[in-house]
Amino acid sequence: MSFSSLGLSEQLVRATTDQGYETPSPIQAKAIPAVLSGRDVMAAAQTGTGKTAGFTLPLLQRLAENPRTGKGPRVLILAPTRELAAQVHDSVALYSRYMPTKSAVVFGGVKINPQMMKLRKGLDVLVATPGRLMDLYQQNAVRFDEVEILVLDEADRMLDMGFIRDIRKILSLLPAKRQNLLFSATFSKEIRTLAEGLLDNPVQVEVAARNTAAESIIQSVYPVDQSQKTALLSKLVRDNAWEQVLVFTRTKHGANRLTQKLERDGITAAAIHGNKSQGARTRALADFKQGEVRVLVATDIAARGLDIKQLPQVVNFELPNVPEDYVHRIGRTGRAGESGHALSLVSADEGQMLAGIERLLKKQLPRKSVEGFEPSNNLPLKPKAKADPSRARNRNGGGNGKPAGNGRSFGGKPAGRSGGRSQNGNGGQARRSPQRETA
Ligand code: AMP
């Protein structure tokens, strides 16, 4: 199967060839014809599956097939975080490079005036986070009466982040006749309710559930005292000569503190979280991608959707509150068919969280130790019995009863064996814990 056999124009096929894509990913193979046909689409898809191209390529084609001269936007793409919005917009710009299509992205945390100027000039595709889009609307900087296609990307996260009111308001302002595309990693009751009110007889697109975190990612647990974690991390970075490691902390404050300590230890590090200005976040990510910063310390929401190619190493400095976030975090490694490494520094007070993760993975992670860093309290060796069965059941990502994972390569082959390009996803999207972080 090729992109042209899916009915995409020569300009769009050329743009995918420029990117080195050989074959459409499973989600693309299903979503592209559905979007081209003009139908509404409801897709269960995570970042890393190629979903962005899955909706962007056909919607660009639909715009080109039916040129208009208004001010736009004709397509509105809503995304939960600034980073994801920026990434989606990069894709729109990339795939439309051989077309006259104009696009822009707007999100909070940066000045609103330049965004107003951009909108005033007119555009075809607007990518936005819901909050900033509402601000712009209230200041009369954007109108929605020409919107023909609406995309809700990572709808589950948008709801988790409290955007439902903004989304409902935006929906009420759109023309009734339009095409709607909804992408979500999980399908909770709230998402289904949203989908029912939004989608008209949608084509349902789902790619098989994945549980390959265990296959493509080498995972381990280092039991260690809380007070020794930073020193152990420094040692591991040095001893293993890690040049690019993504480290997760539970809180923004913890991310800052760890970054400072690593820097003091002579290891270049940067933090990325919701309290950082957009400029600082973009800079930290760029420095990390270019190898100027060895350690990127992130909180869960800030890391969401980041597409960092071939990340070799992920470290959980602290375990996440929600077990599915563990799968999501480690899904940042082992990309492109490579086997990745994920290790967790776990102190005795995190024993319950580890047990929850091991229950979700249905296996025990191997314990490792480093001389001089043995913990004063050992972690339990066996996962304990379920503490809260209702919670575990509700949080089992994907609604398919299986733990969602990652590591599927495009073309349907298992990750780690395919010769082609492949990407892993953000498996196991979970409902967010009550302590929310705004990204
Ligand atoms: P997404 O799930 O949209 O975030 O895409 C994940 C990654 O896969 C991005 O880096 C894309 O550039 C890449 N990608 C998208 N489609 C393909 C394809 N058909 N073949 C190979 N890589 C792709």
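All ligand and atom numbering here is 1-based and tracks the order in the structure. Quick caveat, the model's predicted, so the values are computed rather than measured. Computed over heavy atoms, backbone and side chain alike; hydrogens, waters and symmetry mates excluded.
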Undergrad: Heavy-atom count check: over 12 atoms from other residues, nucleotides or ligands less than 6.0 Å from R238 CZ?
TA: yes
Undergrad: Should you measure from each heavy atom of S25, which atoms of ligand 1 turn up under 4.0 Å away?
TA: 19 (N)
Undergrad: In this structure, does ligand 1 have an atom that sits under 4.0 Å from one of the heavy atoms of K51?
TA: yes
Undergrad: Do the charged groups of E10 and R14 touch, with an N to O distance under 4.0 Å?
TA: yes
Undergrad: So, D325 and R157, do they make that salt bridge, N to O below 4.0 Å?
TA: yes
Undergrad: Heavy-atom distances under 4.0 Å decide this one: backbone, side chain, both or neither, for F3 against ligand 1?
TA: side chain
Undergrad: What do you reckon, does Y21 have a nitrogen or oxygen under 3.5 Å from a nitrogen or oxygen of ligand 1?
TA: yes
Undergrad: What do you reckon, does G50 have a nitrogen or oxygen under 3.5 Å from a nitrogen or oxygen of ligand 1?
TA: yes
Undergrad: Could you tell me whether some N/O pair between T23 and ligand 1 is separated by less than 3.5 angstrom?
TA: yes
Undergrad: For K51, is there an ion pair with E154 - N to carboxylate O distance below 4.0 angstrom?
TA: yes
Undergrad: Quick test of your reading of the model: are R281 and E83 salt-bridged, counting only N-O distances below 4.0 Å?
TA: yes
Undergrad: Does only the side chain of Q87 get under 4.0 Å from ligand 1, or the backbone, or both, or neither? Count heavy atoms.
TA: neither
Undergrad: How does T16 reach ligand 1, if at all, at less than 4.0 Å between non-hydrogen atoms: by side chain, backbone, both, or neither?
TA: neither
Undergrad: Under a 4.0 angstrom heavy-atom cut-off, which atoms of ligand 1 come close to T52?
TA: 1 (P), 3 (O), 4 (O)
Undergrad: Using 30° and 60° as the class limits, which term best fits the ring planes of F144 and Y137: parallel, tilted or perpendicular?
TA: parallel
Undergrad: For E148, is there an ion pair with R68 - N to carboxylate O distance below 4.0 angstrom?
TA: yes
